[in-house]
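Both ligands and their constituent atoms are indexed starting at 1 by order of listing. Along the sequence shown, residues carry numbers from 1. What you see is a predicted model, and the numbers here were worked out from it, not measured in a lab.
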Amino acid sequence: MTASLKDLPQIEALLSQPSIADLSQAYSRAETAAALRDVIGGLRAALQSATPPAALPDFAGGDFAALVALQITAARAPSLRSVINATGVIIHTNLGRARMAPQAIAAMTGAGADATNLELDLETGKRGSRHAHVEGLIRDLTGAEAAVVVNNCAAAVLLSLMATASGRSVVASRGELVEIGGSFRLPDVIAQSGARLREVGTTNKTRVADYADAIDDTTAVLLKSHTSNFRIVGFTAAPDRQALARLASERRVILMEDLGSGVLVDLTRFGLSDEPVVSDVLKAGVDLVMFSGDKLLGGPQAGIIAGRREIVAELKAHPLMRALRIDKLSLAALEATLRLYRAPHDPLQEVPVLRMLSEPLEDVAGRAAALADRLAMVGVRDIKTEATSARVGGGTSPEQDLPSRALSIRLDGMSAEALAAALRRGPPPVIGRIAQDRVLLDMRSVQDDELPLIAEAFAAILRR
Ligand SMILES: *Cc1c(COP(=O)(O)O)cnc(C)c1O
């Protein structure tokens, strides 16, 4: 005997039942009705499946009401949630990029809860500029004459080109016309800015002479771009910044560089030799640079523009500035993050992104061992420790592997895909990767305080 579709009750009838009416009281009628539709819909699908259930639940019973209550609370849970990044990709765009320092979080809390002097000069009582809160810090940290901050780096590039090259031409190397994350393609951004792209050189080689030959009286900008997420290796050439800067200044055009990640401290000793330090780029003579706030800088989403005073002044005055400006929460977090780059702070210890990428391998291995202990305690039996390569991510240094350790895990009677899916559902959601039919949890992108949560997630899966 199997149950049949006609045994499914009407939603209206269920709503007037005492145990369900109590839920309508406790939550709301609309949420209860929506939850009932979900639960009954699930039962209908099960009845129509190849393996229909033999019996339906007792719709008047407490178990059914509890199931509906669970559905209501699930629907009330926030959509945007904390997850555990065990992918080994430190700056993971799909997982929200940089995790911020406690100082940055505190600054956001304050700026969100309280009225602030966002655009008020407390000395004069007159209208102030939101840019003033970070401009001095950025100048100090980069050596730039001036700086301004917008919503993200894509906006920074767009605004910079609009303000300087609209209706004129922009010279860029064929080897640097990058696409970042699918929706940001440099040629398209140049077109959107109203400038005309003049491509020079070839995919693997571009010389100063190529730029020089392309400059004419319509040229406004020479644009260099960090090829963040790919490398052309082998027989390659790109002019050094000094040579391009000399050319730009001789021919009275602006040399701009989209740095993408943009680092404020030298990270070559951690293998990140492809990430130029912003102050070095400016010292080499680049007039204007743009970089992200939430990549290697380790702060909030933001686009920082730094460089020559008269160009930055034009950007600040541009009509589009208002549409692209940074919001107060991000501004508060950015200021707090930038302060961590100044004494007495040590950014390598205090900015989470930099701490994770500079963490000694022994410490990462220690975290793997600590997690293995905790997982064994909750009953996970098949655990191996593997040497892995973590990544910076965020389109930064694609070739650079950071030595890391991962736990490689299998649960009896569960495929790696099923385990990864169960971990992703949480709580809390734990995001790993699959290799050789096992789930890998990389410990370089995880923090110590997350280990008990990962163990709890496994315990919940094993209880099912
Ligand atoms: C990441 C990146 C961008 C876009 O930065 P967002 O802050 O995500 O807008 C632009 N250019 C380069 C070279 C990048 O690496």
Would you mind listing which atoms of ligand 1 come within a distance below 4.0 Å of any non-hydrogen atom of [X]?
| X | result |
| --- | --- |
| Phe184 | 10 (C), 11 (N) |
| Ser292 | 5 (O), 6 (P), 7 (O) |
| His226 | 13 (C) |
| Asp258 | 10 (C), 11 (N), 12 (C), 13 (C) |

Exercise. Out of curiosity, is Arg97 lining ligand 1, as in a heavy atom under 4.0 Å away?
Worked result: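 Yes, that is the case, since the closest heavy atom of the residue is under 4.0 Å from the ligand.
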
What about [X]: any of its N or O atoms under 3.5 Å from an N or O on ligand 1?
| X | result |
| --- | --- |
| Cys153 | yes |
| Ala154 | yes |
| Lys295 | yes |

Exercise. Does atom CD of Gln436 have more than 12 heavy-atom neighbours from other groups under 6.0 Å away?
Worked result: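 No, the 6.0 Å shell around CD holds no more than 12 heavy atoms from other groups.
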
Exercise. Would Leu402 and Glu359 count as a side-chain contact (heavy atoms from CB on, under 4.5 Å) if you check the C-alpha gap in whole Å, the side-chain angles of each, and the deciding distance to 0.1 Å?
Worked result: CA-CA 10 Å; Leu402 301 165; Glu359 186 174 39; over 6 Å; no

What I want to find out is whether [X] reaches [Y] closely enough, with some N-O distance under 4.0 Å, to be called a salt bridge.
| X | Y | answer |
| --- | --- | --- |
| Arg246 | Glu250 | no |
| Arg405 | Glu386 | no |
| Asp401 | Arg391 | yes |
| Arg308 | Glu145 | no |

